[in-house]
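Submitted below is the structure of interest, expressed as structure tokens.
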There are 2 protein chains.
Amino acid sequence: MSDPTAGLNSEQLGAYFALMEVSSLLQYAVEEHLRADGDLSWVQFQILARLVDAPEGRLRMTDLADGVVYSRSGLTYQAGLLDKRGLITRSPSPEDERSVMVTVTDAGRELVARVLPGHVARVRGLLFEAMSDEDLAALGGVLARVRAHMRATPPRSAKRRAGRSGAG
Amino acid sequence: MSDPTAGLNSEQLGAYFALMEVSSLLQYAVEEHLRADGDLSWVQFQILARLVDAPEGRLRMTDLADGVVYSRSGLTYQAGLLDKRGLITRSPSPEDERSVMVTVTDAGRELVARVLPGHVARVRGLLFEAMSDEDLAALGGVLARVRAHMRATPPRSAKRRAGRSGAG
DNA sequence: TATTGTTATACTCTATAACTATA
DNA sequence: TATAGTTATAGAGTATAACAATA
């Protein structure tokens, strides 16, 4: 564990910078592919991927916002683009008339299916090719723990309606 | 290792998503702080931090671009902002008249010093607080290996003058 | 009153291509 | 010819605040 009053030691600094560089390079490579192969931004791909995984391919805007985007207007903007292209549809929820249900269309599912192989190929080639099975287990374990910690840690300056689960 | 023709298994998928979410949340939190505390973007902070660590506080534009930014014009833009604020200076290099040497000013050093404690505090609170010493060693080891692999792996569509070391 | 979502607006950042200048 | 950097420009994405509608 770490002393909350001290700076970061060199091992922590190294891990921090490595994390940021690795994720940056990975996201850049993946976005480049998504854009070239499916004309999708990272956020758009995440929205579609979540919907494809959801029961009946449907989620509320609020559920989508949570974890994908840091502001609601940002989600509305991206959903608008996907809607225009016929990859999703939006309709008012019958249960709660304030809510909007977002549904993947067949075209949306097809696009995800078309883009996915190249996507995972890039992730494998950049991220997992350099990893042993033990590396993978270790990385996955630590990151899962850290993610749970982050989700449970509210931002210092908690904003109202910030979109993130921890920020509301 | 992983079969280059197969998809990702669930452990790999989980590690991939966890990596992206962790780095996204961390970068968001850190950027929020940098903006509030020093009116700095993430890229601007990285530029200043690199200069502070460099001998005599100086680097060429090209050296700065490498690893910080994905296009040269992007670096020129950010450097222009830092220059306007008096945090860096730019002058033609005596050795190679094509090059521009970027130097941190005292004001730039002071700003980094002022912002750094809060910066590392956020990183510690979000990333390292949930980690044991063994976690840290494991994470650092894997990420260092992955980073080296990524740096050695040129993008499929190698662009000329893309700014990244691997992409040029 | 609080929540869900949209819209208007303004802004930041990025990338491409064209350009200058030096090696 | 190749490299270093800037500029013009255009586009993508974001966030804030104001808004309407429902709970």
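Note on naming: letters A, B, ... go to the chains in the order of the sequence lines (proteins, then strands), and numbering restarts at 1 for each one.
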>> How many whole angstroms separate atom OH of Y70(A) from atom C1' of dT12(C)?
In response: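 Whole-Å distance recorded here is 17 Å.
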
>> Measure CG/D63(B) against P/dT3(D) and give the value in whole Å, please.
In response: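 Rounded to whole Å, this separation is 15 Å.
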
Counting only pairs under 3.5 Å, give me each side-chain donor-acceptor contact of residues 45-57 of chain A, with atom names and distances, residues two or more places apart or in other chains.
| residue | atom | partner | partner atom | Å |
| --- | --- | --- | --- | --- |
| R50(A) | NH1 | D66(A) | O | 3.2 |

>> Tell me which residues in residues 83-105 of chain B lie within less than 4.0 Å of DNA chain D, going by non-hydrogen atoms.
In response: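 Per residue number, the list reads R90(B), R98(B), S99(B), V100(B).
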
> Quick one: side chain to side chain contact (heavy atoms under 4.5 Å, CB included) partners of A29(A), sequence neighbours excluded?
Replying inline: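 Counting only residues at least two positions away or on another chain, A29(A) forms a side chain to side chain contact (heavy atoms under 4.5 Å, CB included) with R122(A), L126(A).
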
> Less than 4.5 Å apart, any side-chain heavy atom of I88(B) and any of Q44(B)?
Replying inline: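 No. Closest side-chain heavy atoms not under 4.5 Å.
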
> Step by step, would you call E21(B) with R151(A) a side chain to side chain contact (heavy atoms under 4.5 Å, CB included)?
Replying inline: CA-CA 10 Å; E21(B) 183 172 346; R151(A) 285 177 170 170; 2.9 Å; yes

>> Once you measure the plane-to-plane angle for H33(A) and H119(A), does it fall in the parallel (<30°), tilted (30-60°) or perpendicular (>60°) bin?
In response: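 Judged by the thresholds at 30° and 60°, the geometry between H33(A) and H119(A) is tilted.
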
>> For DNA chain D, which residues of residues 73-82 of chain B approach it to below 4.0 angstrom with any heavy atom?
In response: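 S73(B), T76(B), in order of number.
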
> Do the side chain of Q12(A) and the main chain of N9(A) share a donor and acceptor less than 3.5 angstrom apart?
Replying inline: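 Between the backbone of N9(A) and the side chain of Q12(A) there is a qualifying donor-acceptor contact (under 3.5 Å).
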
>> What's the separation between atom CG in D83(A) and atom OG1 in T76(A), rounded to the nearest 0.5 Å?
In response: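 Nearest 0.5 Å value for the CG-OG1 distance: 11.0 Å.
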
> Where along residues 44-60 of chain B does a heavy atom fall under 4.0 Å from DNA chain C?
Replying inline: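 DNA chain C contact set from residues 44-60 of chain B: none.
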
> Within the structure, does a side-chain N or O atom of S41(A) lie under 4.0 Å from either OP1 or OP2 of dG13(D)?
Replying inline: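 Yes, S41(A) has a side-chain N/O under 4.0 Å of OP1/OP2 on dG13(D).
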
>> How many whole angstroms separate atom CZ of R72(B) from atom C1' of dA15(C)?
In response: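 These atoms are roughly 14 Å apart.
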
>> Using whole Å, what does the distance between atom C1' of nucleotide dA15(C) and atom CD of E31(A) come to?
In response: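 It is 13 Å, rounded to the nearest whole Å.
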
> If only side-chain N and O atoms of R35(A) are considered, is one of them under 4.0 Å from the OP1 or OP2 phosphate oxygen of dG11(D)?
Replying inline: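 Indeed not, no polar side-chain atom of R35(A) lies that close.
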
>> Rounded to whole Å, how long is the line connecting atom CG of D66(A) with atom C1' of dT4(C)?
In response: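 My rounded result for the distance is 14 Å.
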
>> How many whole angstroms separate atom CH2 of W42(A) from atom C1' of dT14(D)?
In response: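 These atoms are roughly 18 Å apart.
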
> In whole Å, what is the span from the CG atom of L64(A) to the C1' atom of dT6(C)?
Replying inline: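 Rounded to whole Å, this separation is 16 Å.
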
>> Please give the remaining members of the hydrophobic cluster of L81(B), linking ILVMFWY side chains under 4.5 Å, ordered by chain and number.
In response: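 Taking Ile, Leu, Val, Met, Phe, Trp and Tyr as members, L81(B) shares its hydrophobic cluster with Y77(B).
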
> Roughly how many Å is it from CD in E32(B) to P in dT14(D), rounded to a whole number?
Replying inline: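 So the CD-P distance, E32(B) to dT14(D), works out to 16 Å.
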
> Can you find a pair of side-chain heavy atoms, one from E129(B) and one from H149(A), that are under 4.5 Å apart?
Replying inline: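 They are in side-chain contact.
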
> Can S93(A) and R60(A) be said to form a side chain to side chain contact (heavy atoms under 4.5 Å, CB included), step by step?
Replying inline: CA-CA 8 Å; S93(A) 164; R60(A) 294 185 309 149; 5.6 Å; no

> Are any non-hydrogen side-chain atoms of L26(A) and M20(B) less than 4.5 angstrom apart?
Replying inline: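 L26(A) vs M20(B): side chains touch.
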
